[in-house]
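Proteins come first, then strands; the chains are lettered A, B, ... in the order of their sequence lines, and each starts at number 1.
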Protein chains: 2
Amino acid sequence: MFLGNNDVIEDIDETGGLDDPAPAREACTVLEALNRISGKWAIGILLNLSHGPVRFTELERSVPGISRRMLTLTLRNLERDGLIERTVYATVPPKVEYRGTEMAAELYASLKGLTAWAERHRDAIALSRDSYDREQLAAGTGEL
Amino acid sequence: MFLGNNDVIEDIDETGGLDDPAPAREACTVLEALNRISGKWAIGILLNLSHGPVRFTELERSVPGISRRMLTLTLRNLERDGLIERTVYATVPPKVEYRGTEMAAELYASLKGLTAWAERHRDAIALSRDSYDREQLAAGTGEL
DNA sequence: CAGGATCCAGTAGGATACTG
DNA sequence: CAGTATCCTACTGGATCCTG
């Protein structure tokens, strides 16, 4: 969940490890995956790169709302993780192209499962939230 | 990515919508999914609840490193989204059980795709990071 | 036991001016 | 064009103390 430095999570099953069942280790692995695509923009960028090479400014436009800083930061981190490749053309004006790697393409495939899940349950979740919020509201006004 | 209030992302394809291709909307859907399981602890908790009902203090123990505050907050949000159910037993001392819903179980299945991806590429990613960091380091010392 | 309330630190992320 | 540098805010998450 960090954009900064920091290496993979090591402190999760360092504590226990004796009778700790599977969950902790499993969670760790999933988190490793999630940490690369977390952040507000990584997925939006990755998706845009799935169609072929894209230039910096194109990304800036096609990922609505992103700031220059976050675009740069996110691109750098994705590159560091080997999910995208950066190609600089020594022209004037400069031209830089980004494209997703094979790894990113595979990730994209996995993401479809999540997308499907989100679509299946989007309404149910919205309803759950509404009723939860209403209950909280009711409880609050009642107590005061 | 927020634990607090805030409703689903609406500002992502509000800007464009004219010639904006698929990516923005797709990203939005995926983000909706990710936003429910983001945060440092949600997945760890969900995984622990996949085996059956668990009590608060049990979770506190089986999710190593979590603080009381975050356990409570994360549980509340998962409950709000309908991913877990909370049952209070009016006993002394009080007893509260949490268990994952069917929705959560389905999510768990989708997560396996991500886990598999992470495991497949974990080494490649580590290598990519190492070489990236070395390059940056080399460039840095060279320029100064 | 199961939290709620409060205080505090670190980080993600936004805005924008500057540069090779 | 493709960034970098700087400043600033908001939110995540930790620690701790208090309560029904």
Exercise answer: donor-acceptor pairs, residues 106-113 of chain A side-chain atoms, under 3.5 Å, sequence neighbours excluded:
unit_1	atom_1	unit_2	atom_2	d
Glu106(A)	OE1	Arg120(B)	NE	3.1
Glu106(A)	OE1	Arg120(B)	NH2	3.0
Glu106(A)	OE1	His121(B)	NE2	2.8
Tyr108(A)	OH	Glu26(B)	OE1	2.9
Ser110(A)	OG	Gly113(B)	O	3.4

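Residue pairs satisfying the ring pair (Phe, Tyr, Trp, His ring centres under 6.0 Å) criterion with at least one member in residues 56-101 of chain A, sequence neighbours excluded, are absent. The salt bridge (charged side-chain N to carboxylate O under 4.0 Å, His left out) analysis of residues 66-78 of chain A, with sequence neighbours excluded, yields the pairs Glu60(A)-Arg68(A).
One end of the helix from dC1(C)-dG20(D) to dG20(C)-dC1(D) points its axis 50° away from the other end's axis, with each axis taken from 5 pairs and the angle rounded to 10°.
Side-chain atoms of Met103(A) and Ile125(B), non-hydrogen and from C-beta on, do get closer than 4.5 Å to each other. In this structure, Ile37(B) and Leu34(B) have side chains that are in contact, with non-hydrogen atoms separated by less than 4.5 Å. Lys40(A) has its side chain out of reach of Met70(A): every pair of non-hydrogen atoms, C-beta onward, lies at least 4.5 Å apart.
The side chain of Arg55(A) contributes an N or O atom lying less than 4.0 Å from OP1 or OP2 of dA2(D). Taking 4.0 angstrom as the limit, Thr57(A) places a side-chain polar atom (N or O) nearer than this to OP1 or OP2 of dA2(D).
In this structure, Glu79(A) places its CD atom 15 Å from P of dA2(D), rounding to the nearest Å. As rounded to whole Å, 14 Å separates atom P of dA2(D) from atom CD1 of Ile66(A). Summarising the geometry, the separation between NZ on Lys40(A) and C1' on dT9(D) is reported as 12 Å, rounded to the nearest angstrom. The CG atom of Leu71(A) sits 10 Å away from the P atom of dA2(D) (whole-angstrom rounding). Atom NZ in Lys95(B) sits about 13 Å away from atom P in dC1(C), given to the nearest Å. Computed from coordinates, the Gln136(A) CD to dG4(C) C1' distance equals 13 Å when rounded to whole Å. One can place CG of Leu59(A) at 9 Å from P of dA2(D), the figure rounded to the nearest angstrom. In this structure, the CE atom of Met70(B) is 13 Å from the P atom of dG4(C), given to the nearest Å.
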Taking N or O atoms only and anything under 3.5 Å, show me the protein contacts with nucleotides 3-6 of chain D, one pair per line.
unit_1	atom_1	unit_2	atom_2	d
dG3(D)	OP1	Arg76(A)	NH2	3.1
dG3(D)	OP1	Arg86(A)	NE	3.3
dG3(D)	OP1	Arg86(A)	NH2	2.7
dG3(D)	OP2	Tyr98(A)	OH	2.6
dG3(D)	N7	Arg68(A)	NE	3.2

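Residues satisfying the side chain to side chain donor-acceptor pair (under 3.5 Å) criterion with Arg55(B), sequence neighbours excluded, are absent altogether.
For Leu78(B) against Ala42(B), the heavy-atom pair with the smallest separation is CD1-O, 4.2 Å. The minimum heavy-atom distance between Ser128(A) and Glu79(B), with the atom names listed, is OG-O, 3.8 Å.
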